[in-house]
Amino acid sequence: MKEQLQNLLTKCIHDLKDQGLLSEMPSKVRLDHTKDKSHGDYATNIALILAKQAKTNPLILAQTIIDQLDGADFIEKTEIAGPGFINFFLSDKSSAAVINEIIEGGDGYGTSNIGVGQSILLEYVSANPTGPLHVGHGRGAAYGATVSNLLRSLGYKVDNEYYVNDAGRQMDILSVSIFLRYLALCGETIRFPDNGYQGKYINDIASNIMEIHGVNFHKEAALVFEGICKDELEGGNKESHIDELISRSKELLGEGFKSIFTVGIESILSGIKKDLAEFGVVFEKWFSEQSLIDNGLSEASIKRLQESKHVYKKDGALWFKTTDYGDEKDRVVVRDNGNHTYFASDIAYHLEKFERGYDKVINVWGADHHGYIARVKASIAAFDHNPEKLEILLVQFANLYRGGKKVQMSTRSGSFVTLEDLRNEVGNDAARFFYILRKSEQHMDFDLDLAKSKTNENPVFYIQYAYARINSVFKQAQEKGVVFNYKDADLGLLTEESEKTILRELSRYKGVIESSAMQYEPHQLAYYLRELASQFHSYYNACPFILDDQELTQARLTVIHATKQVLYNGLSILGVSSPESM
RNA sequence: GCGCCCAUAGCUCAGCUGGAUAGAGCAACGGCCUUCUAAGCCGUAGGUCAUACGUUCGAAUCGUAUUGGGCGCACCA
């Protein structure tokens with residue numbers, strides 16, 4: 001509908017141009033849904049924008065434009081308002097067309113082909129596999145998955161990917177943490193390092209290893225800790241302490257260290273996968289950092305940087321001149337001890353991503369990583385790829401509130417609320433919905449009590465309830481012997497304010513999907529659905545649907561049937577279920 | 001100190017990239033169930049859009065400064 005109006009306007013401007021009244025059509029011209037019903041269905045600021053170049057008053061220009069628009073059948077009337085807006089009132093015919101489109105489109109209504117033929121690589125969550133996902137990761141997961149759904153509904157081919165940081169020192173710390181817990185199970189008395197992973201899941205993995213490998217890895221505690229420097233809380237250094245423990249464990253265990261690591265990472269990763277799957281978040285690919293090292297890609301990408309003279313040696317380390325591309329300082333890629341930094345893997349990973357040939361590469365990162373944007377883009381530019389093809393979306397942290405109080409969390413001590421805890425407490429639907437209800441770059445307060453409540457204060461239930469209510473109406477209609485056939489419906493019979501409002505709202509859906517997707521803003525869809533649900537509830541209270549008047553019954557059932565379809569389609573994109581009854 | 005993000009009703013937040021009288025939910029107050037689910041509806045009240053300048057027909061939206069909050073500034077991931 002909007003396109004048709006747009007075309008009409010453009011044509012009109014062309015005509016005026018031919019008459020020498022106007023020159024260019026500036027991009028600032030907008031055609032929008034109106035906020036206020038009294039302003040019609042759509043409004044444009046075209047006369048305001050063009051008045052200056054036409055050297056005339058906006059009101060006069062608006063009239064000229066209107067005169068030029070000879071009546072298309074979907075426009076009921078136009079009027080000039082305020083300083084020179086042109087308001088369009090659409091005819092009933094146009095809303096009937098939308099309703100038909102919705103019902104015939106069914107579950108696929110709202111999709112379009114804007115992105116057909118374009119591929120997108122969407123990477124998100126990518127939490128370190130050092131423990132279960134917590135509520136912070138949940139936001140990235142819900143956001144990424146919803147953005148993915150939105151883009152797919154525009155026809156983009158989207159691949160969801162999780163980058164697994166399964167290499168490096170953190171993995172060694174993980175292994176040592178498990179090893180020490182395992183020793184405790186063997187009856188040894190150990191002092192757990194301050195810098196180790198302290199969560200209970202580490203103990204679980206340790207006993208898992210005990211089941212698989214028995215006491216094969218048992219070493220005496222005295223041997224393990226002999227000569228190891230003091231830990232932080234003992235007045236020493238926690239980093240050196242754990243590093244020495246790592247080397248000692250590797251020495252003592254040999255291949256066994258790897259076995260412990262393998263059991264550990266597999267256990268944690270499978271937990272993460274299960275967690276996400278249950279949350280409705282599905283990845284096409286789990287990309288291993290270690291694989292970049294094993295297949296030499298990491299090494300090769302550094303070599304390429306060397307060949308193109310983007311790196312230099314300083315203080316025994318290898319530095320990448322990211323300042324050439326606007327970063328604030330150069331970054332180390334190979335440390336003086338020969339180890340690659342995390343950034344080195346990231347360079348290789350992004351190079352690999354780009355070489356897979358996607359039209360667009362999107363990363364969803366926690367906002368605390370914003371300092372990495374410049375250097376990653378620098379690496380892309382250094383390989384002569386276009387850094388603009390990489391879009392980095394930042395997601396702020398979520399604070400949990402329970403009983404009006406902030407829930408304190410700290411990863412290191414293991415006292416964090418896991419995503420699983422959250423899902424168990426508030427349910428998948430509320431979790432998915434609440435996470436995306438706020439703009440992603442906005443800090444959010446996640447109110448556990450609100451998400452759990454099954455009352456009118458909970459927006460998820462509010463929308464789901466609208467869906468269930470419509471379903472219930474149809475059940476009643478069927479029991480009363482009403483045979484519903486939307487093709488027989490005469491929507492011209494709908495004259496109540498509440499039903500006209502809902503027709504307007506339904507015609508907005510496609511635009512909302514497009515806008516949410518293109519701007520990566522799922523909250524727009526969430527707000528829309530709440531608004532639609534609200535209008536339905538008003539309609540429900542204002543008008544009976546099942547009446548003696550068969551004609552009117554058909555017309556009204558058609559409206560709510562279309563409403564039900566749109567609610568369902570929208571909720572599906574958000575990953576929220578549509579219960580038939582509540 | 002430098003960089004990025006943010007500041008809108010008592011609370012949590014929208015405001016469609018400069019438009020018409022700044023909106024919603026919750027909380028507060030007052031109404032509505034013999035009628036399709038009251039997990040609902042209707043109404044009332046609530047604001048110097050952090051502050052100050054500037055840009056123009058027009059600013060919550062753009063620019064500058066100030067104040068106040070969050071995050072980041074490793075040869076850690």
Side-chain angles (χ1 to χ4, degrees), chain A residues 28 30 32-36 38-39 43 45 48-49 51-52 57-58 81-85 87 128 130 165 167-171 173 239 289 314-319 328-329 331-343 345-346 366-374 394 396-397 401 404 437-439 441-447 450 453-462 464-466 468-477 479-480 498 508 511-512 515-516 519 521 523-524 526-528 530-531 533-534 536-547 556 560 581-582:
Chain A
K28 291 172 90 173
R30 301 194 59 85
D32 289 314
H33 275 279
T34 52
K35 286 183 215 163
D36 190 329
S38 67
H39 297 144
N45 60 352
L48 290 163
I49 301 286
K52 200 177 270 177
N57 172 317
F85 290 98
N87 296 336
N128 285 351
T130 53
N165 293 114
R169 181 163 170 267
Q170 295 302 319
M171 292 298 104
I173 296 177
E239 305 295 345
E289 179 186 0
K314 196 182 94 183
D315 303 331
L318 194 66
W319 297 71
E328 48 190 25
K329 56 178 285 196
R331 311 290 173 177
V332 170
V333 284
V334 183
R335 283 188 264 161
D336 56 6
N337 65 9
N339 289 341
H340 289 194
T341 58
Y342 169 83
F343 181 40
S345 299
D346 244 9
D368 54 333
H369 283 71
H370 67 77
Y372 281 77
I373 297 175
L394 298 177
Q396 287 285 359
F397 290 127
Y401 281 80
L437 190 56
R438 302 296 172 229
K439 228 156 83 179
E441 68 262 34
Q442 192 84 259
H443 296 267
M444 75 176 276
D445 289 340
F446 196 123
D447 186 334
L450 179 61
S453 81
K454 300 201 170 182
T455 67
N456 54 355
E457 46 190 55
N458 190 328
V460 191
F461 285 94
Y462 183 80
Q464 290 180 321
Y465 181 45
R469 251 185 167 178
I470 295 171
N471 202 54
S472 166
V473 171
F474 276 97
K475 218 184 278 171
Q476 298 274 337
E479 281 166 16
K480 290 183 182 164
S498 52
R508 278 185 57 209
V512 169
S515 171
S516 309
Q519 296 177 71
E521 292 188 347
H523 75 276
Q524 286 185 29
Y527 274 88
Y528 169 83
R530 193 164 66 176
E531 184 60 29
S534 161
F536 165 74
H537 287 308
S538 296
Y539 188 27
Y540 182 96
N541 277 273
C543 305
F545 304 126
I546 304 164
L547 321 122
R556 288 189 171 160
I560 65 169
S581 67
M582 292 173 77

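First the proteins, then the strands, lettered A, B, ... as listed; each starts at 1.
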Side-chain touch [X]/[Y], heavy atoms, less than 4.5 angstrom:
X      : Y      : answer
A/N339 : A/R169 : no
A/Q170 : A/N165 : no
A/Q396 : A/D368 : no

Drop me the distance from A/I560's CD1 to A/F474's CZ, to the nearest 0.5 angstrom.
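Between atom CD1 of A/I560 and atom CZ of A/F474 there are 4.5 Å.
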Roughly, in whole Å, what's the span from [atom1] in [X] to [atom2] in [N]?
X      : N      : atom1 : atom2 : value
A/I470 : B/rA39 : CD1   : P     : 17 Å
A/R331 : B/rC76 : CZ    : P     : 13 Å
A/H523 : B/rA24 : NE2   : C1'   : 13 Å
A/Q524 : B/rG23 : CD    : P     : 19 Å
A/I373 : B/rG72 : CD1   : P     : 14 Å
A/Q396 : B/rC13 : CD    : C1'   : 15 Å
A/Q464 : B/rG40 : CD    : P     : 12 Å
A/L437 : B/rA14 : CG    : P     : 8 Å

[M] and [N], which share atom name [atom1], separated by this distance in whole Å:
N      : M      : atom1 : value
B/rU64 : B/rG25 : P     : 36 Å
B/rG68 : B/rU8  : C1'   : 15 Å
B/rC33 : B/rG19 : C1'   : 44 Å

Since syn is defined as within 90° of 0, does B/rC57 count as syn or as anti?
anti
Would you classify [X] as touching base, sugar-phosphate or nothing, given that sugar-phosphate means primed atoms plus P, OP1 and OP2, and contacts are heavy atoms under 4.0 Å?
X      : answer
A/A477 : nothing
A/S472 : base
A/D445 : sugar-phosphate
A/D315 : base
A/K329 : sugar-phosphate
A/K439 : sugar-phosphate

Please determine if a side-chain N or O atom of [X] lies less than 4.0 Å away from the OP1 or OP2 oxygen of [N].
X      : N      : answer
A/S538 : B/rG40 : no
A/Q476 : B/rU35 : no
A/R335 : B/rA74 : no

Go through B/rC41, B/rC13, B/rC36 for me and flag the one nearest to the A/Y540 side chain.
B/rC36
Between A/I546 and A/M444, which residue's closest nucleotide on RNA chain B lies nearer the 5′ terminus?
A/M444
Closest-nucleotide mapping onto RNA chain B: is A/S581 or A/G316 further toward the 5' terminus? I mean the 5' end.
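Final value for this comparison: A/S581.
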Given pairs defined as Watson-Crick or G-U wobble with both distances under 3.5 Å, what dot-bracket annotation applies to RNA chain B, with ( ) intrastrand, [ ] crossing, | other strand and . unpaired?
(((((.(..((((.....[...)))).(((((.......))))).....(((((..]....)))))).)))))....
Under the 3.5 Å rule, do the base of B/rG3 and the side chain of A/H370 count as making a donor-acceptor pair?
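Yes, a donor-acceptor pair under 3.5 Å.
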